[in-house]
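Since this is a predicted model, take the numbers as computed values, not measurements. Labels below follow one simple rule: chain letters A, B, ... track the order of the sequence lines, proteins then strands, and each chain is numbered from 1.
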Amino acid sequence: MGDDPYGLEKLEEQYNRYTSRKILLIIALVAIIIILIGVSLMFNGRGLGFVEAMSYFFNHIIGTTYIVGSDEWVNDYAIWTVYTPRVFMAIIVGAGLASCGVVMQALLNNPLADPYTTGLSDGACFGAVAAIVMGFTLSGISGSLGIVTNAFFGGLIPAIVIIMLSRVINMSPAVTILVGVALSYLFSGMETLIMVSTDADTLKNAFLWQIGTFTNTDWSEIPIPLILVALSSAIMLLMSRKLNLLSLGDDSASSLGLDVDNFRTILMIIVAISVAGMISFSGIIGFVGLVAPHVVRMAIGGDNRYLIPASMAAGAAFLLVADLLSRVVVYPDELRVGLIASIIGAPVFLYMILKKKRYGEGY
Amino acid sequence: MTQIDIDDLHFEYSKDALILKDISISLKGAQLISIIGPNGVGKSTLIHCIDRILSPTKGTVLVDDQNVTEYRPKDLAKKIGYVPYTSGDSFPMTVVDTVLMGRNPHHKWKSLHEDMIVVEEAMRMMDVSDLAMRQFNELSAGQHQRVMLARGIAQEPEILLLDEPTANLDIRHQMDVIRLLKDLSVKKDIMVIMISHDLNLASKYSDNIIMMSKGSIYAVGTPEEVINEDNIRHVYDVESEIIIRDDRPFMIPKDPEFVSRGENKEFSVSIP
């Protein structure tokens, strides 16, 4: 058996090596994230270098305290209270948008699907803008939780429309994206309608809010997106083997024991919840859900068991870089991270579409 | 013994598009069954109804005395495997991962080694072992088809439904695959039901043949009972001559308008 070039032993050896490569990539991406955290914290207004900033970061985690008012205390305050929350938010939103991108692409069997192209982002954004500008919340709750619930209901509308249409008229992947684009325009138009009817200051705030940013993020904003992204990603990972079945089409997946319609509905709702949680705190950030999975897929293939965690790490790294650039390009002023993500993401994505011939040629 | 009982099956997409009507048939035991008939007579729809991919408008499909609608998805997947004609576009996935998907109905926690044993055997049977680590979406149509068949075999169902399993294959692989399907039915006790447009291949290897015409079953029985000039004329509107080859009917189509060479036409081909 050992001499057989295609025997079981050889197959398992090759497969294990291939799996190890995928795990190594995930570990490498996590290492890159840690380095990027340090680089990001270097821009701290206190003149602390990479090593110093990271030592304050890790010392705070292990519970080191300083004398109030001392230089160390101020440094710790700058690193942990001022800059770390935005770094964490970039990681959470980057990872969350990437995982939602992977799952939507698998659910719709379309590499162009992500929360942005399917209208989920604009739906959630519309819900949030309605709460900010008009003070109208569907849940009746005011404050940030009201914005989150509004964003959730807003994001759910395009998800439900897509699911219903998929079930009723058996839409092709290309048509699904067109429906998503149409819904995006619809919600975008309604947002504009709400915004033009308000005063100049609110209009500016609402407009700027739409373009994603992590500026002034504080710790109080972290828990909701963190919990939603962590829970949704955990479910997506648990479902990743089943997601793989959809890659050969609904009929094949169904014949392999998957209840395709219910599976798709449940995961779309989970994606909508996760997207709402992120959008309501960060605003719209496009291209992460498209670029991160595409880059990772080229490296390790389309097995969702590895693609989801690797894309999450790549998405987090991408937004850390975008956030860093947003802070340094016009220093001491700041650009919006959503803007930077689009400026980097759009050409990268275009390049990949034009260059890529290895998969998805029929799309 | 595996048994399929189809009773008064009707299927329509809309009131104007009746695809299947009055289908009643009982299939029992491990055997190779071919479904033949012209394009658009409802062959694929019939196997989709058996595997619950489509829900009949009227009538029932029982597998081992239980209505297919009452099976839990995974339990039905253990009973029935289905290999479609094409798999369409897909994300990059290795051949071994694609074949491993067939193990989904049997999935147990930490079962990779046991699954790999089945997968390796299925790949070897379909002659795709050398493609194991290649990306599925980079393969030729014929290789695609053999990988999908390996996935169907790795599923280890009691009934295997195949939509034109030899359509994209070269002659050698056509014969290998169909001989293997015949072996599967005998050695692994599987009822294999395949749609085929190759009447002679179906005649040579099938235990029974279902001939369909206009959404109904026109004839059913052994190849000797089904493959004859009258049936072929009625169902395909083709004149034919049936001879016996290897103890099975062999169909030679007749074309009265065929002209082998036109007058005064000179053509040649040469290698300089």
Checklist outcome for this item: What one should report as the nearest heavy-atom pair of B:Ile53 and A:Ser254 is CG1-OG, 4.2 Å

Item to check | Straight-line distance of B:His107 NE2 to A:Leu256 CG, nearest 0.5 Å | outcome: 13.5 Å

Checklist entry - Is it the backbone or the side chain of B:Met133 that comes under 4.5 Å from a heavy atom of chain A, or both, or neither? => result side chain

Checklist entry - Where is the tightest heavy-atom contact between B:Ala132 and A:Leu11, given as atom of each residue plus distance? => result CB-CD1, 3.5 Å

Checklist entry - Can you name the nearest heavy-atom pair linking A:Asp251 to B:Tyr82, along with the distance? => result CB-CE2, 4.0 Å

Checklist outcome for this item: dist B:Arg103:CZ -> A:Arg241:CZ (nearest 0.5 Å) comes out at 10.5 Å

Checklist entry - Rounded to the nearest 0.5 Å, how far apart are CE of B:Met116 and CD of A:Glu9? => result 13.0 Å

Checklist outcome for this item: d(B:Met123 CE, A:Leu8 CG) to nearest 0.5 Å is 9.5 Å

Checklist outcome for this item: Note: A:Ser247 and B:Met93 closest approach over all heavy atoms is OG-CE, 3.8 Å

Next on the checklist: Under a 4.5 Å cutoff for heavy-atom pairs, which residue among A:Ser255, A:Gly302, A:Ala253 has the most contacts with chain B?
Outcome noted: A:Ser255

Checklist entry - Quick one: what part of B:Leu100 sits under 4.5 Å from any heavy atom of chain A, side chain, backbone, both or neither? => result side chain

Checklist entry - At what distance, to the nearest 0.5 angstrom, does CZ of B:Phe91 lie from CG of A:Leu248? => result 11.5 Å

Checklist entry - Given A:Ser252 and B:Arg151, is the side-chain contact (heavy atoms from CB on, under 4.5 Å) satisfied, shown in steps? => result CA-CA 10 Å; A:Ser252 285; B:Arg151 200 212 63 192; 3.4 Å; yes

Checklist entry - Which pair of heavy atoms, one from B:Asp97 and one from A:Arg305, lies closest together, and at what distance? => result OD1-NH2, 3.6 Å

Next on the checklist: Can you tell whether the side chains of B:Lys74 and A:Asp259 come within less than 4.0 Å, N to carboxylate O?
Outcome noted: no

Checklist entry - About how many Å separate CG of B:Asn104 and CG of A:Leu245, when rounded to the nearest 0.5 Å? => result 4.5 Å

Checklist entry - Within a radius of less than 6.0 Å around OH of A:Tyr116, do more than 12 heavy atoms belonging to other residues, nucleotides or ligands occur? => result no

Checklist outcome for this item: Heavy atoms of B:Pro73 and A:Gly257 approach each other most closely as CB-O, 3.3 Å

Item to check | Stepwise side-chain contact (heavy atoms from CB on, under 4.5 Å) check, B:Val96 with A:Glu12 | outcome: CA-CA 10 Å; B:Val96 64; A:Glu12 288 191 313; over 6 Å; no

Checklist entry - Is it the backbone or the side chain of B:Leu76 that comes under 4.5 Å from a heavy atom of chain A, or both, or neither? => result neither

